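The block underneath contains the structure these notes are about, expressed in structure tokens.
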Amino acid sequence: MNPISSRGGAFALALTLLFCATAQATAQEGHKQAQQVPSEQIPVEERNALPSAIPRVEEESAHDHGNHGLDENSLSDSARDDATDHNVPKPLRWLGKFHPPVTHFPIALLTAAALAELLFLRTGSPAYRHALHFCVRIGAAAAVLAALLGWFFAGFRLVDEEWVMTAHRWAGTSVALFSLGLLLLTERLKGDATATAEFRFRAVLFTAAGLVGATGFLGGALLYGLDHYAW
């Protein structure tokens, strides 16, 4: 065989292989670019010329990755929170934001007062009655303040869209009223320690302690759901 012909054939074969490799790389690059560019941005004539096997990326402007984890309920709750009653002046709405932290005081103090009375019944130690008087005085004041701030926070209405909110509203208001009655009975108990006065005082005390616990549960259910404590 002629050496010149052999070298020419090898050279032609090398050019052919190089051309094929370049064409394949170019096709793959074009394929990647076609996948990355939304189909709406490609001219009609070029879009029609694309192979049908190339997937066309749909416009994702309507898909917000920042909203992952948010459902319709949470979005509507947020919008509802932003549209809190306009009949509440802005300064009062701002004060209402202190409702959640203030509620810890009546919950703790009225519960502690009930516990102190139970210990007094068990031991007869007057120290527990002194602790009870202190807890009732501070707890009653905190309960009234928490209820007032709650009305500022949720707006002045008798019925809410969610029954849990309505129950929480009126349970908290009841705690404030029971606390005022409890405070009055506690002060009267110092000069009237009859069996009837003691019974009336304890009935109101334990009712207020139960109500404040139920109110706290309903307040937590507004954030975490009624089944938050499910096993």
Side-chain angles (χ1 to χ4, degrees), residues 64-116 130-188 201 203-229:
D64 186 5
H65 292 277
N67 287 334
H68 281 179
L70 298 179
D71 52 21
E72 294 180 357
N73 294 330
S74 62
L75 291 176
S76 60
D77 290 343
S78 176
R80 191 161 54 246
D81 291 341
D82 293 338
T84 305
D85 293 278
H86 296 291
N87 61 347
V88 180
K90 186 175 181 179
L92 296 184
R93 291 204 307 269
W94 180 83
L95 288 174
K97 295 180 179 181
F98 292 93
H99 169 72
V102 171
T103 57
H104 292 81
F105 291 94
I107 292 175
L109 292 171
L110 294 179
T111 303
L115 178 60
H130 293 309
L132 180 146
H133 289 310
F134 174 80
C135 290
V136 168
R137 288 168 183 166
I138 306 300
V144 173
L145 179 60
L148 186 61
L149 292 177
W151 282 90
F152 294 164
F153 187 62
F156 296 102
R157 60 165 69 95
L158 300 180
V159 179
D160 299 276
E161 295 180 2
E162 300 179 0
W163 72 267
V164 178
M165 182 63 202
T166 301
H168 176 70
R169 177 192 296 275
W170 289 109
T173 303
S174 300
V175 169
L177 296 176
F178 268 88
S179 297
L180 291 176
L182 177 63
L183 179 61
L184 180 62
L185 292 174
T186 302
E187 298 301 323
R188 287 183 177 180
F201 158 74
V204 176
L205 170 63
F206 293 121
T207 301
L211 270 176
V212 75
T215 305
F217 170 78
L218 292 170
L222 291 173
L223 293 176
Y224 306 109
L226 290 170
D227 58 347
H228 177 61
Y229 293 103

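Nothing here was measured: the structure is a model prediction, and the numbers come from that model. As a basis for the values below, the full set of heavy atoms in this structure was taken, side chains included, without hydrogen atoms, waters or symmetry mates.
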To the nearest 0.5 Å, tell me how far Arg93 CZ sits from Phe153 CZ.
-> 11.5 Å
Which class fits the ring pair Trp151 and Trp170: parallel under 30°, tilted 30 to 60°, perpendicular over 60°?
-> perpendicular
Does atom CZ of Phe217 have more than 12 heavy-atom neighbours from other groups under 6.0 Å away?
-> yes
For the atom pair CZ (Arg188) and CG (Leu183), what is the distance rounded to the nearest 0.5 Å?
-> 11.0 Å
Looking only at heavy atoms, what is the nearest atom pair of Ala147 and Gly172, with distance?
-> CB-O, 4.0 Å
In this structure, CG of Leu149 is separated from CH2 of Trp94 (nearest 0.5 Å) by 10.5 Å
Determine the minimum heavy-atom distance between Phe178 and Ala208, stating which atoms define it.
-> CB-CB, 4.1 Å
Side chains of Phe201 and Leu182 in contact at under 4.5 Å (non-hydrogen atoms) = yes
Nearest heavy-atom neighbours spanning Phe156 and Val88 = CD1-CG2, 3.5 Å
Between the side chain of Thr111 and the main-chain N/O of Ala209, is any donor-acceptor distance below 3.5 Å?
-> no
Distance from His168 atom NE2 to Glu162 atom CD, nearest 0.5 Å?
-> 12.0 Å
State, to 0.1 Å, how close Val136 and Ala113 come at their nearest heavy-atom pair, and which atoms those are.
-> CG2-CB, 3.9 Å
Side-chain (His104) to main-chain (Pro101) donor-acceptor, under 3.5 angstrom = yes
Which distance, rounded to the nearest 0.5 Å, do you find between the CG of Leu110 and the CG of Leu132?
-> 10.0 Å
Between atom CG of Leu218 and atom CZ of Arg169, what is the distance when rounded to the nearest 0.5 Å?
-> 13.0 Å
Heavy-atom pair of closest approach, residues Leu109 and Gly139 | CD1-N, 3.6 Å
